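Below: the structure, in structure tokens.
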2 protein chains.
Amino acid sequence: MSTVTPKVEGKKRKLLHHDNINPHVRRVKYAVRGALAIRAEDLKTAIAKHGRNGFTFKKVVNCNIGNPQQLEQKPITFFRQVASLIDYPDLLLPENQSKVEALYPPDAIERARRLLKQIGAIGAYSHSQGIESIRKDVAEFIEERDGYPADPNLIFLTQGASQGIQNVLQLIISHSNVGVMIPIPQYPLYTATLALYNGKPVPYYLNEEQDWGLDIAELTSSLAQARSKGVEVRALVILNPGNPTGQCLSEQNMKEIIEFCSQEKLILLADEVYQANVYYPSQRPFHSFKKILKSMGPKYNDFELFSFHSISKGLIGECGRRGGYFECTGIDPKVVDELYKIASVNLCPNVHGQVMVDLMVKPPKSGDPSYELYEKECKNIYESLKRRSAKLCDVFNSMEGVTCNPAQGAMYLFPQIKLPQKAIEAAKSSGQKPDEFYCLAMLDATGVCVVPGSGFGQKDNTWHFRSTFLPPEELFDEFCGLLTKFHKEFMDKYRD
Amino acid sequence: MSTVTPKVEGKKRKLLHHDNINPHVRRVKYAVRGALAIRAEDLKTAIAKHGRNGFTFKKVVNCNIGNPQQLEQKPITFFRQVASLIDYPDLLLPENQSKVEALYPPDAIERARRLLKQIGAIGAYSHSQGIESIRKDVAEFIEERDGYPADPNLIFLTQGASQGIQNVLQLIISHSNVGVMIPIPQYPLYTATLALYNGKPVPYYLNEEQDWGLDIAELTSSLAQARSKGVEVRALVILNPGNPTGQCLSEQNMKEIIEFCSQEKLILLADEVYQANVYYPSQRPFHSFKKILKSMGPKYNDFELFSFHSISKGLIGECGRRGGYFECTGIDPKVVDELYKIASVNLCPNVHGQVMVDLMVKPPKSGDPSYELYEKECKNIYESLKRRSAKLCDVFNSMEGVTCNPAQGAMYLFPQIKLPQKAIEAAKSSGQKPDEFYCLAMLDATGVCVVPGSGFGQKDNTWHFRSTFLPPEELFDEFCGLLTKFHKEFMDKYRD
């Protein structure tokens with residue numbers, strides 16, 4: 001037995017402390033839920049405990065994360081009816097039939113029955129890659145969307161798109177000098193995952209002046225620069241529609257990107273989680289990279305593509321269930337096997353998320369009892385998102401020193417603010433980045449939580465923030481009013 | 001544009017191939033869902049397509065994985081009632097009251113209402129660490145179980161215990177020479193995760209002759225050996241109750257383990273997912289490491305412990321929902337912050353799994369309308385598990401050359417088979433390990449899928465397999481009969 005060394009409680013250094021944990025973990029940055037989100041949580045708790053005392057706003061509004069149902073977007077009724085029946089299979093016993101029919105439409109009952117039969121038991125671990133019948137439904141959805149075949153064996157169901165993206169990046173980063181091209185601004189999952197698995201981000205800049213467009217010349221120069229430093233660049237990440245930037249790629253641009261990857265021997269990762277959030281489809285419709293690739297003919301048969309999708313976005317916004325999938329196109333079968341092995345270590349994606357994937361890819365069809373309601377709900381959400389997106393963009397553009405591209409897709413706006421020198425100095429003296437300083441001031445004045453542009457990356461000496469346009473429509477004018485008032489007061493205080 | 005080089009389809013080497021992926025991914029082994037599980041899936045598909053043609057058994061029985069509901073264990077009714085109501089909140093509207101009351105008991109309705117109020121929207125991402133009110137319920141559960149306080153801020157809800165274990169190991173493995181002590185035999189998640197994050201497994205052997213007991217002398221010598229090779233051993237993993245071995249640790253033994261960790265400056269990871277699966281509680285009750293630690297007084301205030309629990313095991317077996325939690329005891333607050341950051345990158349554990357954690361830690365109480373049914377369901381499952389465990393153990397012990405320790409806990413038996421030399425040679429000539437050869441022969445003859453001991457680790461030249469005792473009780477005699485018949489025929493064929 002060792003002698004007890006007298007010591008001041010809590011002063012002894014722990015075995016595991018901040019300086020001796022995995023340095024890759026330490027290096028991860030994640031702004032979407034960073035300092036601002038934590039301050040927002042504190043404010044929420046304070047308001048819940050003490051009421052509005054001392055606050056100029058009624059409540060905290062989380063515009064820092066694309067989380068529609070947090071801001072009162074209603075879930076799709078049919079999806080939840082099916083989910084509810086599946087959770088409690090006794091409802092499907094003959095003795096409950098009439099009672100259940102009084103609460104659930106016949107197609108929800110029929111669908112729940114069919115899913116339960118295919119799944120067996122939703123309380124059981126499923127196939128590690130995801131339930132086979134659901135992967136078949138995903139493959140059919142892809143085939144109908146693109147007009148080209150899809151193979152259920154090359155589809156992996158995942159716990160949200162994030163898990164799939166992490167698994168694929170983990171596979172690709174074979175040593176610490178592997179680079180992956182990512183857009184700037186980017187969704188910070190990518191830099192976080194690259195930090196965690198010790199890969200190198202190879203940034204390419206989106207063109208803010210051209211609606212956040214993607215220029216092949218920029219890809220070429222970014223790649224050349226990384227290669228000249230000896231980085232082994234293996235993959236290119238594209239977010240289409242973009243996050244935080246909302247742009248939708250044209251077919252021509254996508255062909256150029258595929259051609260670029262093909263010539264430069266890059267694997268393409270297509271993050272297409274916002275494919276149903278496209279607001280000007282006649283000018284900029286969504287095309288999947290799989291479809292464009294297949295349209296380019298047999299020359300590209302060997303092209304290597306991973307495509308990601310999710311139940312968290314679109315018009316359904318089922319973030320809490322954590323469901324998604326990715327499809328492997330042209331990937332070496334032995335690599336697919338390795339992805340399956342990693343999926344096996346994780347046992348399986350949660351079955352409730354898998355069920356929601358099935359409902360997303362196979363919603364009620366014309367003629368089904370629930371079709372009309374489903375269509376109406378989707379249309380209402382879609383049109384409201386589109387209206388709110390346009391309105392908030394106008395509000396931003398009407399502010400002094402703020403410019404904002406419209407969102408062609410996704411759930412965010414990424415306005416640029418020309419901050420006065422005085423504000424930049426005030427930020428410096430309080431140890432904050434200027435955009436962070438602005439966003440913290442906004443949070444404290446309005447309760448609105450957005451994310452500073454530095455969390456996504458931005459050109460040097462430009463300042464942005466990302467805001468969702470998800471606050472409920474009936475409160476949207478009030479929300480826009482709060483932002484306008486705050487910005488004016490901020491500028492009045494700091495104008496040079 | 002490059003010219004199209006004529007080539008044989010599929011012959012060109014891919015950019016990403018088996019030899020240039022992340023070598024840590026390549027090195028991962030995962031037997032629970034390995035070759036045997038894949039062959040079992042193929043057999044299932046074949047039987048589903050072509051019927052029993054050519055097979056001597058009716059169906060494949062998955063004893064390779066602790067997946068109770070796959071083998072017809074019924075879920076706890078109350079839990080699923082609450083889950084069903086939460087999925088479809090319209091059921092709680094006043095206009096549906098009488099219809100809903102005809103299908104759901106009042107306490108399920110009340111509980112769903114309370115949870116929905118606390119959660120807000122189950123379709124939304126939650127707090128990354130898990131919903132606060134659920135973490136409070138977990139803390140209360142721990143306090144009641146142990147008699148010592150627990151802090152909701154030090155509890156992380158996770159997607160099954162596996163995710164928590166992976167996150168903690170990832171944090172601890174700060175470089176490639178970090179070692180983590182793991183039992184042999186072990187649950188292969190540990191070796192898989194150590195391979196993935198490039199840490200070093202430091203094996204210590206459980207004592208098969210003493211009911212898979214844990215000897216401090218063995219810990220000491222294993223640690224000394226690793227340290228003498230320059231390995232920086234940082235942590236000790238204990239599975240209590242054991243998997244695949246089923247042993248439950250005595251209080252005295254646990255105190256020795258804590259003392260050992262304290263002296264040797266090791267962080268303790270306590271995998272306690274089978275805490276409700278303890279079959280001889282009067283001789284070997286379950287004690288949590290947290291409780292034993294706290295009982296040892298202030299000398300151990302600085303002790304660093306992570307404790308893991310899950311909804312997948314116990315008597316509820318809700319594997320498909322992927323829910324669990326871990327508790328940090330004595331962990332540096334800055335390290336807890338880092339765990340929170342990683343949780344944020346993953347957004348949040350699925351909310352349905354979180355809800356099930358809440359139900360597990362706060363089930364119906366005496367006096368509640370659903371209490372009687374809940375108690376009856378738990379008792380039936382518990383007693384049936386205990387009976388099946390004892391029966392299967394007897395069956396194994398009655399087989400020629402087979403010895404099996406009883407399962408004090410968990411869901412598995414891990415019998416040792418003395419394989420005849422002829423069988424060992426037959427295995428060699430077919431390129432299989434002897435235990436794998438035996439298990440594949442069992443699968444082909446009986447449809448029963450178990451996991452070879454080599455997947456868990458075993459002393460050299462001993463052969464084991466792990467089988468769950470989860471096949472439904474009404475089919476259990478038939479199941480045992482199949483195994484007995486197979487073993488006899490195997491021995492008749494290969495007896496030396």
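Letters go in sequence order (proteins before strands), and every chain restarts at 1. Owing to the predicted nature of the structure, the values given are computational and were not obtained by experimental measurement.
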Residue, of A:I331, A:I311, A:N96, A:L91, that accumulates the most heavy atom pairs under 4.5 Å with chain B: A:L91
Do the side-chain N and O atoms of A:H18 and B:E338 include a donor-acceptor pair separated by under 3.5 angstrom? yes
Under 4.5 Å to a heavy atom of chain B? For A:E132 that would be neither
Option that, when pairs with chain B are counted at under 4.5 Å, heavy atom only, ranks first among A:Q73, A:H175, A:K99: A:K99
Does a donor on one side chain and an acceptor on the other come within less than 3.5 Å for B:H24 and A:Q170? no
Can a side-chain donor-acceptor contact be found between B:E101 and B:Q97 if the only test is distance below 3.5 angstrom? yes
Checking B:K14 side chain against A:D302 main chain: does a donor-acceptor pair fall under 3.5 Å? yes
Tell me, side chain or backbone of B:V100 under 4.5 Å from chain A's heavy atoms, or both, or neither? both
Donor-acceptor contact present, side-chain B:D87 to main-chain B:S84, <3.5 Å: no
Checking B:L266 against chain A: side chain, backbone, both or neither under 4.5 Å from a heavy atom? backbone
Which atoms of B:Y104 approach chain A - backbone, side chain, both or neither, heavy atom under 4.5 Å: side chain
So for A:I119, is it side chain, backbone, both, or neither that comes closer than 4.5 Å to the heavy atoms of chain B? neither
Given the options B:E318, B:M356, B:K265, which has more heavy-atom pairs under 4.5 Å with chain A than any of the others? B:K265
Where do B:A124 and B:V351 come nearest, in terms of heavy atoms and distance? O-CG2, 3.6 Å
Against chain A, label B:I173 side chain, backbone, both or neither, depending on which of its atoms sit under 4.5 Å from a heavy atom there. backbone
Between A:K341, A:Q166, A:H17, which has the largest tally of heavy atom pairs under 4.5 Å with chain B? A:K341
Checking heavy atoms, do the side chain of B:E41, its backbone, both or neither come under 4.5 Å from chain A? side chain
Please classify the contact between B:Q163 and chain A as side chain, backbone, both or neither, with a heavy-atom cut-off of under 4.5 Å. neither
When the 4.5 angstrom heavy-atom criterion is applied to A:A102 and chain B, the contacting part is both
Selection from A:K334, A:Q70, A:R321 maximising heavy-atom pairs under 4.5 Å formed with chain B: A:R321
Counting heavy-atom pairs under 4.5 Å with chain A, the top scorer among B:V82, B:L16, B:L339, B:V335 is B:L16
With a 4.5 angstrom heavy-atom cut-off, could you sort out which part of B:V25 is near chain A: side chain, backbone, both or neither? both
Side chain from CB out, backbone as N, CA, C, O: work out which of these in A:P89 comes under 4.5 Å of a heavy atom of chain B, or both, or neither. side chain
Carboxylate-amine/guanidinium contact B:R26 A:D337, below 4.0 Å: no
Is the backbone of B:H352 close enough, under 3.5 Å, to the side chain of B:N350 for a donor and an acceptor to pair up by distance? yes
Can a donor-acceptor pair be found between the side chains of A:Q81 and B:Y88 at a distance below 3.5 Å? yes
Can any side-chain N or O of B:N64 pair as donor or acceptor with the backbone N or O of B:A37 at less than 3.5 Å? no
Is a side-chain donor or acceptor of A:Q354 paired with a backbone partner of A:P349 at a separation under 3.5 angstrom? yes
Is a side-chain donor-acceptor pair under 3.5 Å present for A:T158 with A:R322? no
Does any heavy atom of chain B fall under 4.5 Å from the side chain of A:R234, the backbone, both, or neither of them? side chain
Could you check whether A:H127 and A:Y340 have their ring centres less than 6.0 Å apart? yes
Top contributor to chain B contacts, counting heavy-atom pairs under 4.5 Å, from A:I316, A:T77, A:D90, A:L196: A:L196
Can you tell which part of A:V28 gets under 4.5 Å to a heavy atom of chain B, answering side chain, backbone, both or neither? both
Name the region of B:L71, side chain, backbone, both or neither, that has any atom closer than 4.5 Å to a heavy atom of chain A. neither
